[in-house]
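What follows is a single structure, written as structure tokens, with notes after it.
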Amino acid sequence: MPRAALPTLLLPLLGLAAATVADCPSSAWVQFKDSCYIFLQEAIKVESIEDIRNQCTDHGADMISIHNEEENAFILNTFKKQWKGPDDILLGMFYDTDDASFKWFDSSNMTFDKWEDHGDAEDLVDTCGFLHTKTGEWKKGNCEVSSVEGTLCKAAIPYNKKHLSDNHILTSTLVIASTVILTVLGAIIWYLYKRNSDSGFTTVFSTTPQSPYDDDCVLVVAEENEYAVRFD
């Protein structure tokens, strides 16, 4: 088998290995820890914040929720390097008048905030949060917007990938490694077999008939016959 064919045999295996570590739905998403993020760069007209939220739920995600300074910095940095959006992005939060507190649409706990140093307005009904993509600070604003220039969505990594046990990961790695090794060995054995087959196995099997007597034995018989002739 030609050497150039070996990489071709390994391509499906490499693809399998890559698939085991790909957690986000596609390359359009950006992964950070246990979540995937996507900025939908589409300006849309809306009648309510639910229309904006539907943009995310249609992609199996929800509007962005932020839970620590590291995640906030990641989003800010990604906007600077990759995403192209407006100065203010709507966060996936709303003000719950029953509890007099802000809550995330994805039902996660409100464990972090980064509000600008401004006092709360007297009336927070229909108040949402916005992320300033230049400073990373949050500010309060009216949820009743007529249009948005992009939607930031977040999705958790699927449970079966996020919670893989160490033994499962080790087993998958061993299976892939063993498959690669066996494929390479099989290719080498096949190559050697084909090479020997093309040479006709001349070094192993000879088609020349062999005498039952070796050269010394034949010489002795010839001398005995000559001696017998002389006495006759």
Practice prompt. Can you measure from SG (Cys24) to CD1 (Ile38) and round to the nearest 0.5 angstrom?
Written response: 9.5 Å
Worksheet, complete the sentence: To the nearest 0.5 Å, atom CZ of Phe74 lies from atom OG of Ser35 at 9.5 Å
Worksheet item: How far does CG of Leu76 sit from NZ of Lys114, to the nearest 0.5 angstrom?
Response: 9.0 Å
Worksheet item: Could you give all pairs that pass the side chain to side chain donor-acceptor pair (under 3.5 Å) test and reach residues 36-50, with sequence neighbours left out?
Response: Tyr37-Glu71
Practice prompt. Please list, chain by chain and in numerical order, all residues satisfying side chain to side chain contact (heavy atoms under 4.5 Å, CB included) with Ser178, sequence neighbours excluded.
Written response: none
Practice prompt. Scan for side chain to side chain donor-acceptor pair (under 3.5 Å) pairs involving residues 93-105, sequence neighbours excluded, and state none if there are none.
Written response: Asp96-Lys103, Asp99-Lys103
Worksheet item: What pairs with Ser27 under side chain to side chain contact (heavy atoms under 4.5 Å, CB included), at least two apart in sequence or on another chain?
Response: none
Worksheet item: Got a sec, which residues hit side chain to side chain contact (heavy atoms under 4.5 Å, CB included) with Thr57, two or more places apart in sequence or on another chain?
Response: Arg53, Asn54
Worksheet item: To the nearest 0.5 Å, how far apart are CG in Leu91 and NZ in Lys140?
Response: 11.5 Å
Item to complete: List the steps and the verdict of side-chain contact (heavy atoms from CB on, under 4.5 Å) for Leu152 and Phe79.
Response: CA-CA 10 Å; Leu152 183 57; Phe79 264 109; 3.9 Å; yes
Practice prompt. Please work out whether the ring planes of Phe112 and Trp138 are parallel, tilted or perpendicular, with thresholds of 30° and 60°.
Written response: perpendicular
Fill in: Partner set under salt bridge (Lys or Arg N to Asp or Glu O under 4.0 Å) for Asp126, not counting sequence neighbours
none
Practice prompt. Kindly determine whether Lys154 and Ser65 satisfy side-chain contact (heavy atoms from CB on, under 4.5 Å), including the steps that lead there.
Written response: CA-CA 7 Å; Lys154 174 182 177 180; Ser65 62; 3.5 Å; yes
Discussion item. Counting neighbours of CG on Asn142 that are heavy atoms of other residues, nucleotides or ligands and sit closer than 6.0 Å, is the number greater than 12?
Written reply: yes
Practice prompt. Using the test side chain to side chain donor-acceptor pair (under 3.5 Å), find all partners of Asp88 that sit at least two apart in sequence or belong to another chain.
Written response: Lys139
Worksheet item: Do you know which two heavy atoms are closest between His67 and Thr111, and how far apart they sit?
Response: O-OG1, 3.3 Å
Item to complete: Say whether Ile188 and Tyr191 are linked into one hydrophobic cluster, either directly or through other cluster members, by side-chain heavy-atom distances under 4.5 angstrom.
Response: yes
Worksheet entry | Atom pair CH2 (Trp190) and CG (Leu185), whose distance is rounded to the nearest 0.5 Å | 16.0 Å
Discussion item. Tell me every residue that passes salt bridge (Lys or Arg N to Asp or Glu O under 4.0 Å) with Asp87, counting only those two or more places apart in sequence or in another chain.
Written reply: Lys134
Fill in: Ring centre gap for Phe39 and Trp29 strictly below 6.0 Å
no
Discussion item. Once rounded to the nearest 0.5 Å, what's the spacing between atom OG1 of Thr151 and atom CG of Leu40?
Written reply: 5.5 Å
Practice prompt. Show your reasoning for whether side-chain contact (heavy atoms from CB on, under 4.5 Å) applies to Leu131 and Asn72.
Written response: CA-CA 9 Å; Leu131 168 69; Asn72 197 79; 3.9 Å; yes
Worksheet item: Residues sharing Val148's hydrophobic cluster, by side-chain heavy-atom contacts under 4.5 Å among ILVMFWY, directly or via others?
Response: Ile44, Val46, Ile49, Ile52, Met63, Leu90, Phe94, Phe105, Phe130, Val145
Item to complete: Kindly give the heavy-atom pair with the smallest separation between Ala155 and Ala61, and that separation in Å.
Response: CB-CB, 3.7 Å
Worksheet entry | Contacts of type side chain to side chain donor-acceptor pair (under 3.5 Å), residue Thr78, not counting sequence neighbours | none
Worksheet entry | Contact list for residues 56-105, test disulfide (SG to SG under 2.5 Å), sequence neighbours left out | Cys56-Cys153
Worksheet entry | Test salt bridge (Lys or Arg N to Asp or Glu O under 4.0 Å) applied to Glu70 - qualifying residues, sequence neighbours left out | Lys33
